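What follows is a set of notes on a single structure, which appears directly below.
Everything quoted here is computed from the prediction, not taken from an experiment.
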Amino acid sequence: MDLGAGGFSEEQFREAFAELQQPALSGADWELLVETFGISIYRLLDQQTGLYEYKVFGFLEDCSPDLLADVFMDLDYRKQWDQYVKELYEKECNGEAAVYWEVKYPFPMSNRDYVYVRQRRELDHEGQKIHVILAQSTSMPQFPEKSGVIRVKQYKQSLAIQSDGKRGSKVFMYYFDNPGGQIPSWLINWAAKKGVPNFLKDMTKACQNYHKKT
């Protein structure tokens, strides 16, 4: 398997791109969780953790693929529009860029933090540009765990974006993380049901305000 920067293979990029063209929901117990604002969210139970993997399909209006990808990658800007960010930055470690991300959790729960690598690539499909962004958790000694903050060690995300033929974007997103600790799985899954659509709405609004930031 050809592993590129960030430890991602060409196949992983192609898989995300393929889902954007044709959702892969058969052959497994994917269930439709919610449809809202032109977005469909499916989930699949992970038997080991009792948590769900998520696949998101849909359209974001008035947010072009280039702009959406730029906003998604811009960590400094995310600190402005994502109310749950406590700390977020990228750091070079052994020749590889890693991201540190601490997320605010409501009292009395402890905050969570992530260390992950990510990579953005542009693919060509019949003359049309497709943005694919992959991210996954990693372990690096440069980011020791903090007292009172729980390190998320299972995190994986992929995002594929192309034009909807108008002014917006057609989007596919896969997401899984295991926040650990003593949070009941039903609460985590409920939060994901509410949180994913809200995140996409916030990101769309962030796209609309991005020109003001620059």
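Separation of atoms CD (Q128) and CG (L123) is listed at 11.5 Å; rounding is to 0.5 Å. From L20, atom CG reaches atom CE of M173 across 13.0 Å, with rounding to the nearest 0.5 Å. The CG atom of L200 sits 5.5 Å away from atom CE of M203, with the distance rounded to the nearest 0.5 Å. Interatomic distance, OH of Y100 versus CG of L88, reported as 10.0 Å (0.5 Å rounding). The distance from the OH atom of Y54 to the CG atom of L44 is 10.5 Å, given to the nearest 0.5 Å. Atom CG of L32 sits about 10.5 Å away from atom CZ of F57, to the nearest 0.5 Å.
When the shell of 6.0 Å around OH of Y105 is examined, it contains more than 12 heavy atoms from other residues, nucleotides or ligands. No more than 12 heavy atoms of other residues, nucleotides or ligands shown are found within 6.0 angstrom of CD on E61. Open room surrounds NZ on K86; 12 or fewer heavy atoms of other groups in view lie less than 6.0 Å from it. Counting heavy-atom neighbours within 6.0 Å of D124 CG, excluding the residue itself, gives a total above 12. More than 12 heavy atoms of other shown residues, nucleotides or ligands fall within 6.0 angstrom of atom CD in E92.
Residues V117 and F8 form a side-chain contact, since some pair of their non-hydrogen atoms from C-beta on lies under 4.5 Å apart. In this structure, the side chains of L45 and D29 stay at 4.5 Å or more apart for every pair of heavy atoms. You'll find the side chain of W30 stays beyond 4.5 Å of the side chain of P23, heavy atoms only. Taking 4.5 Å as the limit, some side-chain heavy atom of F176 sits within range of a side-chain heavy atom of L51. For the pair H131/D66, a side-chain contact is recorded, criterion being any heavy-atom separation below 4.5 Å from C-beta on. The shortest distance between side-chain heavy atoms of Q142 and N94 falls below 4.5 Å.
Annotation: salt bridge (Lys or Arg N to Asp or Glu O under 4.0 Å) contacts of K153 (sequence neighbours excluded): E145. Annotation: salt bridge (Lys or Arg N to Asp or Glu O under 4.0 Å) contacts of K91 (sequence neighbours excluded): none. A206 is linked by a side-chain contact (heavy atoms from CB on, under 4.5 Å) to V71, Y77, W81, counting only residues two or more places apart in sequence or in another chain.
Donor-acceptor pairing under 3.5 Å is lacking for the side chains of D70 and Y210. At a cut-off of 3.5 Å, with distance as the only test, no side-chain donor of Q157 or Q136 sits close to an acceptor on the other residue.
S169 places a side-chain N or O within donor-acceptor distance of the main-chain N or O of C63, the cut-off being under 3.5 Å. Between the side chain of R112 and the main chain of G180, a donor-acceptor pair closer than 3.5 Å is present.
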Residues V171, V56; criterion side-chain contact (heavy atoms from CB on, under 4.5 Å); working and verdict: CA-CA 8 Å; V171 176; V56 181; 5.9 Å; no
For a salt bridge (charged side-chain N to carboxylate O under 4.0 Å, His left out) check, start with the C-alpha distance between R121 and E10, then their side-chain angles and the critical distance, and finish with the verdict. CA-CA 10 Å; R121 187 179 294 183; E10 182 69 26; 2.4 Å; yes
Quick one, F143 with C93, criterion side-chain contact (heavy atoms from CB on, under 4.5 Å). Give me CA distance, side-chain angles, the key distance, then yes/no. CA-CA 10 Å; F143 300 95; C93 300; 3.6 Å; yes
Residue pair E96, M140: steps toward the side-chain contact (heavy atoms from CB on, under 4.5 Å) verdict: CA-CA 11 Å; E96 185 173 46; M140 292 187 176; 3.4 Å; yes
Assess the residue pair V149 and S110 against the criterion (side-chain contact (heavy atoms from CB on, under 4.5 Å)); give the C-alpha distance rounded to whole Å, side-chain angles, the decisive distance to 0.1 Å, and a yes or no. CA-CA 6 Å; V149 179; S110 301; over 6 Å; no
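Among residue pairs with one or both ends in residues 41-55, those qualifying as salt bridge (Lys or Arg N to Asp or Glu O under 4.0 Å) are E19-K55, E31-R43; sequence neighbours excluded. Within the structure, the salt bridge (Lys or Arg N to Asp or Glu O under 4.0 Å) test picks out no pair touching residues 175-191 (sequence neighbours left out). Screening residues 154-167 for salt bridge (Lys or Arg N to Asp or Glu O under 4.0 Å), with sequence neighbours left out, gives D62-R167.
In this structure, R78 is positioned above the aromatic face of W101, its NZ or CZ under 6.0 Å from the six-membered ring centre and within 45° of the axis.
Note on K205 versus D202: no salt bridge recorded, every NZ/NE/NH1/NH2 to OD/OE distance being 4.0 Å or above. In this structure, K146 pairs ionically with E102, as a charged nitrogen and a carboxylate oxygen lie closer than 4.0 Å.
Follow the hydrophobic side-chain contacts under 4.5 Å out from Y89 and you reach V115 in the same cluster. Following chains of ILVMFWY side-chain contacts shorter than 4.5 Å, one cannot reach F59 starting from L33, and the two form parts of different hydrophobic clusters. Note: the hydrophobic cluster containing M109 also contains Y84 (ILVMFWY, side chain heavy atoms under 4.5 Å, direct or indirect links).
When every heavy atom of L134 is checked against every heavy atom of A16, the shortest pair comes out as CD2-CB, 4.4 Å. Nearest heavy atoms, L68 versus C207: CD1-SG, 3.7 Å. Closest approach of S163 and G165 over heavy atoms only: OG-N, 2.9 Å. Of all heavy-atom pairs between S137 and V152, the closest is CB-O, 4.4 Å. Residues I150 and G181 approach most closely at CD1-CA, 4.0 Å, considering heavy atoms.
Taking the six-membered ring for Trp and the full ring otherwise, Y155 and Y175 have centroids separated by under 6.0 Å.
Screening V85, D82, V99 for a side chain to side chain contact (heavy atoms under 4.5 Å, CB included) involving L75 leaves a single residue, V99.
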